[in-house]
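Report on the structure given below.
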There are 2 protein chains.
Amino acid sequence: METQNVSDMIEQYLKNILQEHQHIEIRRAEIAQQFDVVPSQINYVIKTRFTIQNGYLVESKRGGGGYIRIAKVRLLEDNQVLDLLITAIGTTVSQHDAIAVVQSLFEDKLISPREASLILATIDKDTLRINDTQTENAMRARILIGILNRLRFKS
Amino acid sequence: METQNVSDMIEQYLKNILQEHQHIEIRRAEIAQQFDVVPSQINYVIKTRFTIQNGYLVESKRGGGGYIRIAKVRLLEDNQVLDLLITAIGTTVSQHDAIAVVQSLFEDKLISPREASLILATIDKDTLRINDTQTENAMRARILIGILNRLRFKS
DNA sequence: GATAATAAAGTCAGGATTAGTCAAAGTGAT
DNA sequence: ATCACTTTGACTAATCCTGACTTTATTATC
């Protein structure tokens, strides 16, 4: 048992529920009150512990009837290829290298031809249309990594 | 889903009817009375939930015998609808609206769940991570329109 | 026909109710 | 003493709901 700060406790509480339910819907203020913390700490817990890499999808709505919904998705067991690619990409990637990544995904049968085509459209130089090459490559890296993280999902 | 404010209920009511009918024609005052809200809330519901991004076309008439007509359309069914959508997106689109478009494409079976997931990753605010909202929305618009054009020609 | 009365729907701004962001302060392990 | 992580709260943003006012179309009256 590690030291239990409040964030850990909130994390556990939510994950316990998620073991029996595919998704939960909470009202931020209620959970905050339940654990006697300020509402924004719930955001902190979600940001740090319910990430997409860990297989959690979060959506929310403000205003009357607002909520935060957390869903657990199943992840592929063997995602070593994806991890390697994500590491290789880092924070910046040229269009040339990005195309190579998509190509290898295709060859490994991780994506269909149609999906490859879609991905190529989004990371294309003409789509991004950013003047500064540095900024363009950083943006491309974020998009590509976002996609790779989605590929961890089991269908 | 489970969360229920009145706007959600009105939305659901209308969409239920639209599942069985191509279009519906309502009298604003009647629906308002039915749900015990002021008439202008019907406009609010329509403006926020029955947009072209959601795959709906709305027309109306004032004065005696006035009405509001809502029709469900398929985004890529004909170029007219697609043009409307592209015009609505223009050069800038919020994450909220972009999600609605992807959702519509999915409902029309133009993209698979997996493709939807990948597209959502690319237009996600946390993926793009651009400080300036205007710039972010412009980038999102380019990506989304790139995808729409690809779907138009290749599906 | 022209005008007035009536019958719709549309717009907009404001108050209420939620969640999100961000930076600063606090805490604890090394 | 430092560094990463946690906690806080002031400020921001989105969404819902309302009502006063506006616009448009039809119907009645002269």
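Below, chain A is the first sequence line, B the second, and so on; all start at residue 1. Because the structure is a prediction, the values reported are computed rather than measured.
Looking at heavy-atom distances under 4.0 Å, R49(A) makes contact with sugar-phosphate atoms alone, never a base. I42(B) comes within 4.0 angstrom of no nucleic acid atom, judged by non-hydrogen atoms across all strands.
Contact check of residues 26-34 of chain B against DNA chain C (heavy atom, cut-off under 4.0 Å) returns R27(B), R28(B), A29(B). Within residues 92-105 of chain B, the residues that have a heavy atom under 4.0 Å from DNA chain D are, in order of number, H96(B). Less than 4.0 Å separates DNA chain C from at least one heavy atom of each of the following residues of residues 121-144 of chain B: K125(B).
With sequence neighbours left out, the side-chain contact (heavy atoms from CB on, under 4.5 Å) criterion links K15(B) to E11(B), F50(B), Y56(B). Partners of S112(B) according to the side-chain contact (heavy atoms from CB on, under 4.5 Å) rule, which considers only residues two or more places apart in sequence or in another chain, are R114(B), E115(B). Every side-chain contact (heavy atoms from CB on, under 4.5 Å) that T135(A) has, sequence neighbours left out, goes to I130(A), D132(A).
Contact between the side-chain N/O atoms of S60(B) and the OP1/OP2 oxygens of dG10(C) is found at a separation under 4.0 Å. For the OP1/OP2 pair of dT15(D) and a distance below 4.0 Å, the side-chain nitrogens and oxygens of T48(B) include no atom meeting the criterion. A sub-4.0 Å separation between OP1 or OP2 of dG10(C) and a side-chain N or O of K47(B) is absent. The side chain of S7(A) places an N or O atom within less than 4.0 Å of a non-bridging phosphate oxygen (OP1 or OP2) of dT7(D).
Spacing between atom CD1 of I70(B) and atom P of dG10(C) amounts to 10 Å, rounded to whole angstrom units. The CD1-C1' distance, from I46(B) to dT15(D), rounds to 17 Å in whole Å. The interatomic distance linking Y67(A) (OH) with dT17(C) (C1') rounds to 15 Å, in whole Å. Protein atom CG of D8(A) is 6 Å distant from nucleotide atom P of dT6(D), rounded to whole Å. At whole-Å resolution of the value, CD1 in I10(B) and C1' in dC16(D) are 11 Å apart. Nucleotide dG28(C) holds its C1' atom 15 Å from the CD atom of Q4(A), rounded to whole Å. Atom CD of Q12(B) is separated from atom P of dC16(D) by 14 Å (rounded to the nearest Å). Separating the CG atom of N43(B) from the C1' atom of dC17(D) is a distance of 13 Å, rounded to the nearest angstrom.
Within the 4.5 Å cutoff, the side chain of L18(A) has heavy atoms near those of the I24(A) side chain. R150(A) is listed as a side-chain neighbour of L57(A), based on a closest heavy-atom distance under 4.5 Å. Looking only at side-chain heavy atoms (C-beta outward), I143(B) and I143(A) come within less than 4.5 Å of each other.
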For nucleotides 18-30 of chain D, 5' to 3', base contacts (B), sugar-phosphate-only contacts (S) and non-contacts (-) with protein non-hydrogen atoms under 4.0 Å give BB---BBBS----

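Each salt bridge (Lys or Arg N to Asp or Glu O under 4.0 Å) pair with one or both residues in residues 135-147 of chain B, not counting sequence neighbours, appears once here: E136(B)-R140(B). Residue pairs meeting the side-chain hydrogen bond (donor to acceptor under 3.5 Å, both in side chains) criterion with at least one partner in residues 60-73 of chain B, sequence neighbours excluded, are E25(B)-R69(B). Pairs of residues two or more places apart, or lying in two chains, that qualify as ring pair (Phe, Tyr, Trp, His ring centres under 6.0 Å) and include a residue from residues 13-32 of chain B are Y13(B)-F35(B).
Taking a 6.0 Å sphere around CD of E107(A), one finds it holds more than 12 heavy atoms contributed by other residues, nucleotides or ligands.
For T127(A) (side chain) and I123(A) (main-chain N/O), no donor-acceptor pair under 3.5 Å exists by modelled atom type.
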Would you tabulate the side-chain donor-acceptor contacts of residues 90-101 of chain A under 3.5 Å, counting partners in other chains and residues two or more places apart, or write 'none'?
residue : atom : partner : partner atom : Å
S94(A)  : OG   : D97(A)  : N            : 3.1
Q95(A)  : OE1  : K125(A) : N            : 3.1
Q95(A)  : NE2  : D124(A) : OD2          : 3.4

Output a table of donor-acceptor pairs, distance under 3.5 Å, between side-chain atoms of residues 73-88 of chain B and any protein atom two or more places apart or on a different chain; print 'none' if there are none.
residue : atom : partner : partner atom : Å
D78(B)  : OD1  : Q80(B)  : N            : 3.1
D78(B)  : OD1  : V81(B)  : N            : 2.8
T87(B)  : OG1  : D83(B)  : O            : 2.8

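Between K47(B) and T51(B), the shortest heavy-atom distance links the atoms O-CG2, 3.2 Å.
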